[in-house]
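Below is one structure; the comments refer to it alone.
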Amino acid sequence: MDVSSLINTLNDAQRRAVTAPSKAMLILAGAGSGKTRVLVHRIAWQIQVEGLSPHSILAVTFTNKAAHEMRDRVEKLLKFPTQAMWIGTFHGLAHRILRRHASEAQLPTTFQVMDSDDQLRVIKRLLKSMQIDDKKWPPKQIQWFINAQKDEGLRAKHLSHNGDFFLEQMIKLYQAYEVICHRSGLVDFAELLLKAHELLRDTPELLIFYRQRFRQVHVDEFQDTNKVQYAWLRLLTEGKDNLFIVGDDDQSIYGWRGAQIVNIFNFQSDYPNHELIRLEQNYRSTAHILQAANQLITHNSNRMGKELWTDSGAGELISLYSAFNERDEAYFVIDRIQQWLEAGTLKKEVAILYRSNAQSRQFEERLMTEAIPYRVYGGLRFFERAEIKNALAYLRLLSNRNDDPSFERIINTPTRGIGTRTLDSLREFAKDQQISLWQATERRINENFFSPRAANALKKFQALMQDLETQLQESELYEKVKLVGEKSGLIEFYKKEKEDRGEARIENLEELVNAARAFDYPHEEGETLSDLDMFLAHATLESGEMQGADADDCIQLMTLHSAKGLEFKQVFMVGLEEGLFPSGRSIEDVARLEEERRLCYVGITRAMEKLCISYAESRRLYGKESYPSPSRFLREIPKDCLQEVRFRANISQDTQRHTAKKVIKNSGLYHKGDKISHAKFGAGTILQLEGEGAHEKVQIKFRESGLKWLMVAYAKLERLS
DNA sequence: TTGTTCCAGCTTTTT
DNA sequence: GCTGGAACAA
């Protein structure tokens, strides 16, 4: 068999990883070192050369995007369909196992997945029903607690409070939450993983079955696994040493979400016969960029150790711009983007990366005024929009009448005269009787409990659901979705909303019908779910899928977190200031600070050709003016990779004359030698002036705080002389 | 039931 | 300083 096509495009380390005999393997893959390539070729190699059946391959990723990419690439390489392979996200695969073995897992066959939004609602309602003050016990915190326990593999019954009042309450709430989920047939994200783990752990025949089936298990981005995920992998591969993991400890940026790098070390001791291969040759960035990244990350402790190198050229130096404030920073960035665009760069090859979403605004405003198309990543996803979730809630309730969160969501949306009093009494009754809201409604109506008006409204709702159910029975999936939109009154309801908003919502509902029409039911052996249930699960598990589609040519704006895994020819990394990046909450804690540093490492290594870093000397944050010092990360990047940029005032003679002309055009409010005072820095003397209008700035020698450039428009200077 | 006002909160995000 | 959610009034 000719296998050269599988390996002759690989470098030495990659080839060793791909062709190693079946055993536990740890591939430490630096940024841009071709890790997906190794994974894909490894799978292809095992099938084509080692004769493994596609059926016996399991490959796990974290995002749907990564899973799809992997499947596509394997398919392309092997040139045959790959349905038999289990390639998916941890959550997707856990869901698959749970729906196949729902009864063994003690779940209703039509159990549904609930997203974090739904989860939070459940918790809020729980607090209300237990009459707990949500000021003292913030729902978000409870949600965080529950998820963190589940990530650790712990149920409420495993926890003890040792007299700690806070813990005691948390455990109580966790327990109550578990009861509600169980009764409603709902499973949250963390629960998918936990339950899938428990299922295999406690059902020997299933464990044996899957252990035999999956002869090879591959994991991408292993550094992001949490405890349960690793335990699950361990169950599947224990004693067989057939676990192939790819990861980069230096790119672990999800510790706050339960990821633990320590899993890499655990892997090493749990699989003592493993082989470790480092992929250090980088095919993405210039040497200067890599040098900066390498140096920066050496400031972290407890690394596996790795140094990226490239045999392409040194490339340009990294630009460093010190802005006066966040507006100036945006001016500078957009200015530079325009220069690059004029030089022929495509917009989609340029990215602005920031630490927190709030930072995007300044850049958006500038891009908007300059009429440069851009796209902000993150934000609300299609399946998370209120109108979509409402429509889906109807469908969910149709599929499972005990789905209380869905019931709550739509019982009075659109408004049908079922008020808080009616609802409260239903809730109370449901809680007392340990039944769902739907069941409570039925019972109460039979008992003639309500006033005629309330009873009528409720009956109408029941009739609506009944109606929908009969009408939907024989129809195609997309017809069901369409019909629900119409019959539920949602479309009618949104028509009455403010023009734009309502219209957009109706369009989204139409888009939902299209999504249902395009939905490709993954028909497999052993699949028992109806197409509707499958679609609903898809909507929750792959809520991000609908937005990645457009490949328009525009500037890319995103957080550093969402940039992981991507690459751009030209990257702006902005807001490199203490308190912002590294974020204020991470500064005291070494572990968190190191995670910030890894985040910075991720940011740097996104850039292929040009990298431009900036920080502001003054920044308005939460309505307050702050004067942060430049990020410590800047000091950790070697000086000889950096080139400082002075905006419009650079060394070249031409620019200087240019600047000189502009100085004349300034407001004339201040002159060299003027004594002024500043709210924060105190008294000082003006040394230089430059720029005009919004850009007018002055260099001041402060008695206490030293030399500073300030924007006249923002500095609120007071004249002393 | 809707519109207004007030008030807390405010890193990162996928599933 | 802005935003989203909750409380409140009409």
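These values consider heavy atoms only, across backbone and side chains, with no hydrogens, waters or symmetry-generated copies. Each chain gets a letter, A, B and so on, in the order its sequence line appears, and its residues count up from 1.
Judged by centroid separation below 5.5 Å and plane tilt below 30°, A:W256 stacks onto the base of B:dT12.
Residue A:E625 contributes atom CD, which lies 13 Å from atom P of C:dC2 at whole-angstrom precision. In this structure, A:D220 atom CG and B:dT15 atom P are separated by 13 Å, rounded to whole Å. Protein atom NZ of A:K564 is 11 Å distant from nucleotide atom P of B:dT14, rounded to whole Å. A:L580 has its CG atom 16 Å from the P atom of B:dC10, to the nearest Å. For the pair A:L423 CG and B:dT1 P, the computed distance is 12 Å after rounding to whole Å. A:R416 has its CZ atom 13 Å from the P atom of B:dT2, to the nearest Å.
Comparing B:dT14, B:dT1, C:dA6 against the side chain of A:K124 picks out C:dA6 as the nearest. For A:R620, counting side-chain heavy atoms from C-beta on, the closest listed nucleotide (C:dA6, B:dT15, C:dG1) is C:dG1. Closest to the side chain of A:R381, out of B:dT1, B:dT14, C:dA6, is B:dT14. Of the candidates B:dT13, B:dT15, C:dA6, B:dT15 carries the atom nearest the A:L541 side chain, counting heavy atoms from C-beta on. Side-chain atoms of A:Y254 lie closest to B:dT13 of the nucleotides B:dT15, B:dC10, B:dT13. Picking from B:dT13, B:dT1, B:dT14 the nucleotide with the shortest atom distance to the side chain of A:T63 gives B:dT14.
The existence of a salt bridge linking A:D403 and A:R396 is confirmed by a sub-4.0 Å separation between a basic side-chain nitrogen and an acidic carboxylate oxygen. In summary, A:D118 and A:K389 engage in a salt bridge, as defined by a charged side-chain N under 4.0 Å from a carboxylate O.
A ring pair (Phe, Tyr, Trp, His ring centres under 6.0 Å) with A:F90 holds for exactly one of A:F62, A:F189, A:Y230, A:F222; it is A:F62.
Note on A:T89: only backbone sugar-phosphate atoms sit closer than 4.0 angstrom, heavy atoms only; bases stay farther off. At a threshold of 4.0 angstrom between heavy atoms, the contacts of A:F62 are confined to the sugar-phosphate backbone, with no base atom among them. Nucleic acid contact for A:D224: none, since no nucleic acid atom lies under 4.0 Å from a heavy atom of the residue. Residue contacts for A:Q229: at a heavy-atom cut-off of 4.0 Å it reaches no nucleic acid atom on any strand shown. Within the nucleic acid shown, A:R361 comes within 4.0 Å of sugar-phosphate atoms alone, with no base atom in reach, counting heavy atoms only. Within the 4.0 angstrom heavy-atom criterion, no nucleotide atom of any strand lies near A:T540.
Judged by a 6.0 Å distance limit and a 45° cone about the ring axis, A:R597 is not positioned over the six-membered ring of A:Y601. For A:R96 and A:W86, the positive end sits near the middle of the six-membered ring, less than 6.0 Å away and at most 45° from its axis.
Using a 4.0 Å cut-off, some side-chain N or O of A:S562 falls inside it from OP1 or OP2 of B:dT13. Phosphate contact (OP1/OP2 of B:dT14, side-chain N/O of A:N64, threshold under 4.0 Å): absent. The side chain of A:N357 contributes an N or O atom lying less than 4.0 Å from OP1 or OP2 of B:dT13.
Counting atom types as modelled, A:S116 pairs a side-chain N or O with a base atom of B:dT15 as donor and acceptor under 3.5 Å.
Pairs engaging residues 450-461 of chain A under the side chain to side chain donor-acceptor pair (under 3.5 Å) rule: none recorded [sequence neighbours left out].
For DNA chain B, runs of at least 3 consecutive pairs of the Watson-Crick or G-U wobble type, with both hydrogen-bonding distances under 3.5 angstrom, map to B:1-10 with C:1-10.
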Quick one: do A:E364 and A:I555 satisfy side-chain contact (heavy atoms from CB on, under 4.5 Å)? Show the steps, please.
CA-CA 10 Å; A:E364 288 187 66; A:I555 308 287; over 6 Å; no
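Side-chain atoms of A:Y177 and A:D188 include a donor-acceptor pair closer than 3.5 Å.
Using atom C1' as the reference point in both C:dG5 and B:dT12, the two lie 22 Å apart (nearest Å).
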